[in-house]
Amino acid sequence: MVAPVLVLAAFPRLLYGVLPRAAILGWLGLGFAVVVLFIGPEFHLPMWLQDVSPFQHLALTPVEDFRWTPFVALLAVATLLSFAGQWGFRRRDLR
């Protein structure tokens, strides 16, 4: 469960780096993931909407076999978002 958490942490970092005033919108990613994870199947949300949540792609390891591809893909997305946020932060004029 580390990779989805890193994606959810990198999203606000990107927002803060690019649009600092919009950093509060980083909570939307967490809120969306929680809603989809807990009540998405109950409300029969479309699968494409559930697939937006980073938690949807990992296997439930005690029951299912661990798969490396989604784990590495989520780590790559988290890394790209984090680097983009850092790049945006360095580009800002902080004087």
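Computed over heavy atoms, backbone and side chain alike; hydrogens, waters and symmetry mates excluded.
Expressed to the nearest 0.5 Å, how far CD of Q56 lies from CG of L49 amounts to 10.0 Å. Rounding to the nearest 0.5 Å gives a distance of 8.5 Å between CZ of F32 and CD of Q50. Atom CG of L74 sits about 9.5 Å away from atom CG of L8, to the nearest 0.5 Å. In this structure, the separation between CZ on R21 and OH on Y16 is 11.5 Å, given to the nearest 0.5 Å.
Pairing each heavy atom of A10 with each of A78, the nearest pair is CB-O, 3.4 Å. Nearest heavy atoms, A23 versus P12: O-CB, 4.4 Å.
F11 has its side chain within reach of L15: a pair of non-hydrogen atoms, C-beta onward, lies under 4.5 Å apart. For the pair L75/L6, a side-chain contact is recorded, criterion being any heavy-atom separation below 4.5 Å from C-beta on. Considering only heavy atoms from C-beta on, L14 stays 4.5 Å or farther from S82 through its side chain. Looking at heavy atoms from C-beta onward, D51 lies in side-chain contact with H57 at the 4.5 angstrom threshold.
Using a 4.5 Å cut-off between side-chain heavy atoms of Ile, Leu, Val, Met, Phe, Trp and Tyr, with links allowed through other members, L19 and L80 fall into different hydrophobic clusters. F55 and M47 fall into different hydrophobic clusters, where Ile, Leu, Val, Met, Phe, Trp and Tyr side chains are chained together by heavy-atom contacts under 4.5 Å. Taken together through direct or relayed side-chain contacts under 4.5 Å among Ile, Leu, Val, Met, Phe, Trp and Tyr, F43 and L37 form part of one hydrophobic cluster. No continuous path of ILVMFWY side-chain contacts below 4.5 Å connects V77 to F83, so the two sit in separate hydrophobic clusters.
Within a 6.0 Å radius of CD in E42, no more than 12 heavy atoms belonging to other residues, nucleotides or ligands are found. Around CZ of F66, the count of heavy atoms belonging to other residues, nucleotides or ligands within 6.0 Å exceeds 12.
Side-chain rings of F89 and W87 stay apart, their centers remaining 6.0 Å or farther from each other.
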